[in-house]
> 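Below you will find the structure I want to go over with you.
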Amino acid sequence: MDARHIHLNQPSTVPSFSELSRYALTARVLRKALLAHLDETLQAVPYQEGEIIMIKLKINGQEQNWGGDPDLPLLWFIRDEIGLTGTKFGCGQALCGSCTVIVDKQAVRACVTSVSDVRDREVTTIEGLHPTGDHPVQKAWRQLNVPQCGFCQTGQIMQAAALLMGNPKPSHDQIRESLSGNICRCGCYQRIENAVHLASTGV
Ligand code: FES
Ligand code: FES
């Protein structure tokens, strides 16, 4: 009997299809019970008629209400629930910066921030940075032709805009430090840094 034969005769630790179906059924039953409980809780709160609110937040100046899973990542809410797809999904683990949005003047990774984390707070996405796309950072970006493929650029711009909100004249090292968590697979780093400098001069 060779090693492979022994391995094949071991009891399987992989759940069978019928076991998986049972788990899924249990999950559906639990979810239903939880939603029923939430409904009951919500109805006990004296909200205005027709208004079902669990979490309120503002995105680009518009009030949004969310009565679903409070742990839903903000990135999914922004992209899937309200259809603002300018914010990108890259790593999903706060490692690349492509999902960066601004929450109350701070750059935040929307992939690891839940909707409940931003309850009653102001979120700005790339769509809300400037009504005509003429924020100084966006103007500097255009002037220096910063993007290559463009995938990381929303995150870079939002990170840079957040930096300038708190520090309008950052030094070279401060720009580098602030954008060090935003990865550009096309390697546009030099143009990005130059554009942040340019934006800080008020283009
Ligand atoms: S997708 Fe959020 S940091 Fe990469
Ligand atoms: S421009 Fe392509 S990833 Fe940055």
Side-chain angles (χ1 to χ4, degrees), residues 55 57-62 64 66 68-130 132-167 170 172-201 203:
I55 294 170
L57 63 153
K58 257 192 191 166
I59 298 191
N60 299 334
Q62 290 205 326
Q64 303 288 344
W66 176 239
D69 181 357
D71 291 331
L72 181 77
L74 178 61
L75 181 58
W76 299 155
F77 184 73
I78 289 168
R79 289 182 57 88
D80 296 346
E81 298 298 326
I82 58 173
L84 298 177
T85 54
T87 307
K88 304 300 180 200
F89 172 76
C91 62
Q93 297 177 54
L95 297 172
C96 75
S98 63
C99 65
T100 304
V101 296
I102 298 175
V103 178
D104 297 342
K105 302 191 177 175
Q106 297 287 326
V108 162
R109 305 299 190 233
C111 66
V112 292
T113 302
S114 69
V115 177
S116 59
D117 289 336
V118 292
R119 176 192 289 244
D120 296 329
R121 300 183 71 181
E122 291 253 4
V123 178
T124 305
T125 70
I126 188 77
E127 291 89 347
L129 194 56
H130 188 281
T132 57
D134 287 324
H135 185 281
V137 173
Q138 291 169 306
K139 281 165 67 175
W141 243 247
R142 283 198 296 274
Q143 204 164 315
L144 298 186
N145 289 320
V146 173
Q148 192 163 315
C149 81
F151 193 84
C152 72
Q153 297 294 321
T154 293
Q156 308 278 5
I157 288 171
M158 297 309 283
Q159 185 76 36
L163 168 67
L164 297 182
M165 280 177 189
N167 181 3
H172 179 76
D173 286 349
Q174 287 169 330
I175 292 173
R176 232 174 220 199
E177 164 69 21
S178 171
L179 278 95
S180 61
N182 290 74
I183 309 300
C184 175
R185 63 190 169 188
C186 300
C188 301
Y189 297 113
Q190 193 57 61
R191 291 200 298 275
I192 290 168
E193 283 180 22
N194 292 345
V196 183
H197 275 298
L198 183 59
S200 73
T201 66
V203 283

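Whatever order the structure lists ligands and atoms in, that order sets their numbers, starting from 1. Reckoned from all heavy atoms, side chains included, excluding hydrogens, waters and symmetry mates.
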> If you take all heavy atoms of Gly90 and Ser98, which pair is closest and at what distance?
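So the minimum-distance heavy-atom pair works out to N-OG, 3.2 Å.
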
> Once you measure the plane-to-plane angle for Trp76 and Phe89, does it fall in the parallel (<30°), tilted (30-60°) or perpendicular (>60°) bin?
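Tilted: the ring planes of Trp76 and Phe89 meet at 30° to 60°.
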
> More than 12 heavy atoms of other residues, nucleotides or ligands under 6.0 Å from CD of Glu177: is that the case?
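Check fails, neighbour count at 12 or below.
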
> Rounded at 0.5 Å granularity, tell me how far CD1 in Ile55 sits from CZ in Arg121.
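It is 13.0 Å, given to the nearest 0.5 Å.
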
> Side chains of Gln159 and Ser178: does their closest heavy-atom pair fall under 4.5 Å?
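In contact.
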
> Give a yes or no on whether the backbone of Cys188 and the side-chain of Gln148 come within a donor-acceptor separation of less than 3.5 Å.
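It does not hold such a pair.
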
> Sort out for me which residue in Arg109, Lys88, Arg79 forms a side chain to side chain contact (heavy atoms under 4.5 Å, CB included) with Cys99.
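Checked Arg109, Lys88, Arg79 against Cys99; only one passes side chain to side chain contact (heavy atoms under 4.5 Å, CB included): Arg109.
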
> Return the set of protein N, O or S atoms whose distance to atom 2 (Fe) of ligand 1 is under 2.8 Å, each given as residue and atom.
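Within the sphere that stays under 2.8 Å of atom 2 (Fe) of ligand 1, the protein atoms of type N, O or S are Cys99 SG, Cys111 SG.
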
> Near atom 2 (Fe) of ligand 2, meaning under 2.8 Å, how many protein N/O/S atoms are there?
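With waters ignored, the protein N/O/S count below 2.8 Å is 2.
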
> How many angstroms lie between OG1 in Thr125 and CG in Asn60, if you round to the nearest 0.5 Å?
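One finds 3.5 Å between OG1 of Thr125 and CG of Asn60.
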
> Using a strict cut-off of less than 4.0 Å between a Lys/Arg side-chain nitrogen and an Asp/Glu carboxylate oxygen, indicate whether Lys58 and Asp104 qualify as a salt bridge.
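Judged by the 4.0 Å cut-off on N to carboxylate O distance, Lys58 and Asp104 do not form a salt bridge.
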
